[in-house]
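Comments concern the structure below.
Quick note: numbers below take in every heavy atom, side chains included, and nothing from hydrogens, waters or symmetry partners. In the text below, chain A, chain B and the rest are named by the order of the sequence lines, each starting its count at 1.
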Protein chains: 2
Amino acid sequence: MDKKAFFHKFVAFTTAVHQVTHDMTRDIKWDSITPVQYRILEYVAVSQPVTLSEISECQHMSMPNTSRELKKLCDKNLCDKTTDAEDHRKQFISLSKDGQALMDEAFKRIEGRFQQRIQDASEEELEIIDRALDVLQSKVFYSDAPS
Amino acid sequence: MDKKAFFHKFVAFTTAVHQVTHDMTRDIKWDSITPVQYRILEYVAVSQPVTLSEISECQHMSMPNTSRELKKLCDKNLCDKTTDAEDHRKQFISLSKDGQALMDEAFKRIEGRFQQRIQDASEEELEIIDRALDVLQSKVFYSDAPS
DNA sequence: CTCTTTAATTATCATTTGATAACTAAAATC
DNA sequence: GATTTTAGTTATCAAATGATAATTAAAGAG
């Protein structure tokens, strides 16, 4: 296999993924929430409950900045903080009722657009796509083992 | 096929792609160039020569902001502008010698990390990955037809 | 030739984001 | 019990990004 060509295909692919996910989440960021805040909400939605440190690490932002943005989200009643009973330093973050509703709505729209994209695929094609997702996630887009 | 589960797999996958591309381009943004400027350079590198309007549209930024960032890149001697001979309003943007060197170096590092990721894959697995990329790009991550 | 549209620029302002230092309080270690 | 580490906060500053209005110059349409 031609390594250069393979790499180019990889680059084109990741560009396409970025492009498409951008298109699919466009106009989701209403409601006075900023892009960074949306990314945090998305992360919390998928991984809740999470601690501030986890958000900080996974979103590649410093603790002070994470703390600030999270404070804004809590002020907007989109997130709740609860102190860990075992370790009183830790805060568990989860979506509030409003935050959950917001993200449910967001995911609903994204899912709608996703279904539109695959609506022309036959059942066999869906199986192929399904396996392609598995393959790429396990062989290429896996998480680095922490050193 | 379970639609909900399929959608969740899609979301997890795109998250993984974002995560991995972020990891692979970390510490590439040396040299006093900002993330947005890097994205522009990457786009120019792949698609040159391009016009300002094309950059503006593909990178989802307004013309004034695109113009400003491009001016900075030209001031840093990373890009060249040449006026279209046929339409004097248009400017073709391409990488300068320095800009090309910068992006060659960047792509070299990214490619190194890519090769690391797939180094354990057998030849047959590479074939499978190759086809998986094709499938997903054509069936899921294709560009929307402009309305 | 006039009017409109297109491509790009300049200037300006508000907001968002990133970075850093100094701090509190609760574990954990010795 | 004193010290160190961990989790998170607050305050502050600088830089990056986004948004808008006003402008120039060239091309295209009537």
Side-chain angles (χ1 to χ4, degrees), chain A residues 18 22 25-44 47-76 78-94 146, chain B residues 18 22 25-44 47-76 78-94 146:
Chain A
H18 281 94
H22 181 278
T25 52
R26 83 190 127 79
D27 73 33
I28 302 272
K29 303 166 186 71
W30 353 247
D31 252 354
S32 74
I33 91 164
T34 71
V36 169
Q37 286 165 11
Y38 175 78
R39 287 209 330 256
I40 294 176
L41 284 183
E42 206 171 63
Y43 175 65
V44 174
S47 312
Q48 64 187 331
V50 287
T51 65
L52 257 159
S53 313
E54 288 170 332
I55 298 175
S56 169
E57 199 188 323
C58 292
Q59 300 296 306
H60 314 101
M61 34 194 304
S62 68
M63 275 292 285
N65 292 337
T66 309
S67 177
R68 175 187 60 201
E69 295 309 316
L70 217 80
K71 189 171 185 313
K72 290 179 192 166
L73 289 170
C74 291
D75 288 348
K76 290 174 190 168
L78 297 172
C79 283
D80 292 328
K81 289 183 195 177
T82 48
T83 302
D84 183 1
E86 323 222 304
D87 185 338
H88 284 214
R89 293 169 305 179
K90 287 188 186 167
Q91 307 260 33
F92 285 122
I93 315 293
S94 50
Chain B
H18 280 94
H22 181 277
T25 52
R26 83 191 127 79
D27 73 35
I28 301 272
K29 304 168 184 71
W30 352 246
D31 253 353
S32 71
I33 90 164
T34 70
V36 169
Q37 287 166 9
Y38 175 79
R39 288 210 328 256
I40 293 175
L41 284 183
E42 206 173 63
Y43 176 65
V44 174
S47 313
Q48 63 186 330
V50 287
T51 65
L52 255 159
S53 312
E54 289 169 331
I55 298 175
S56 168
E57 199 187 324
C58 292
Q59 300 296 308
H60 314 99
M61 33 193 307
S62 69
M63 276 293 284
N65 291 337
T66 309
S67 178
R68 176 186 60 199
E69 295 308 317
L70 218 79
K71 190 170 184 314
K72 291 179 192 167
L73 289 170
C74 291
D75 288 348
K76 290 176 190 168
L78 297 172
C79 283
D80 292 327
K81 289 182 194 176
T82 48
T83 302
D84 183 1
E86 322 221 304
D87 185 338
H88 284 213
R89 292 169 305 180
K90 286 187 185 168
Q91 307 262 32
F92 285 122
I93 315 294
S94 50

Under 4.0 Å, counting only non-hydrogen atoms across every strand here, what does Gln59(A) touch: a base, just sugar-phosphate, or nothing? nothing

Thr25(B) vs Tyr38(B), test: side-chain contact (heavy atoms from CB on, under 4.5 Å). Steps then yes/no. CA-CA 10 Å; Thr25(B) 52; Tyr38(B) 175 79; 4.0 Å; yes

Taking all non-hydrogen atoms of both residues into account, name the closest pair between Gln91(B) and Thr83(B) and its distance. OE1-OG1, 3.4 Å

How about NZ on Lys81(A), more than 12 heavy atoms from neighbouring residues, nucleotides or ligands closer than 6.0 Å, or not? yes

Which heavy-atom pair separates Asp84(A) from Glu86(A) by the least distance, and what is that distance? OD1-N, 3.0 Å

I'd like to know if the side chain of Gln37(A) reaches the main chain of Thr34(A), judged simply by a donor and an acceptor atom lying under 3.5 Å from each other, with no hydrogens or angles considered. yes

Tell me the closest heavy-atom pair linking Ser62(A) and Ser56(A), and the distance in Å. C-OG, 3.8 Å

Using whole Å, report how far CD of Glu57(A) lies from P of dT6(D). 13 Å

Give the rounded distance in Å between these two atoms: NE2 of His60(A) and C1' of dT17(C). 16 Å

Between the side chains of Glu69(B) and Lys72(B), is the shortest nitrogen-to-carboxylate-oxygen separation below 4.0 Å, so that they form an ion pair? yes

Whole-Å gap separating C1' (dG18(C)) and CZ (Arg39(A)): 12 Å

Between atom CD1 in Ile55(B) and atom C1' in dA7(C), what is the gap in whole Å? 13 Å

Restricting to nitrogen or oxygen on both sides, can you table the protein-nucleotides 1-4 of chain D pairs closer than 3.5 Å?
none

Residue from Val44(B), Ile93(B), Leu78(B) passing side-chain contact (heavy atoms from CB on, under 4.5 Å) with Leu73(B): Leu78(B)

Sequence-aligned protein contact record of nucleotides 8-16 of chain D, with B where the base is within under 4.0 Å of a protein heavy atom and S where only the sugar-phosphate is: BBBB----S

Separation of Met61(B) atom CE from dT16(C) atom C1', in whole Å? 15 Å

Give the rounded distance in Å between these two atoms: CG of Asp84(B) and P of dA27(D). 9 Å

Give Gln37(A) one of three labels, base, sugar-phosphate or nothing, depending on what nucleic acid heavy atoms sit under 4.0 Å from its own. nothing

Measuring from atom CD of Glu57(A) to atom OG1 of Thr51(A), what distance do you get when rounded to the nearest 0.5 angstrom? 9.0 Å

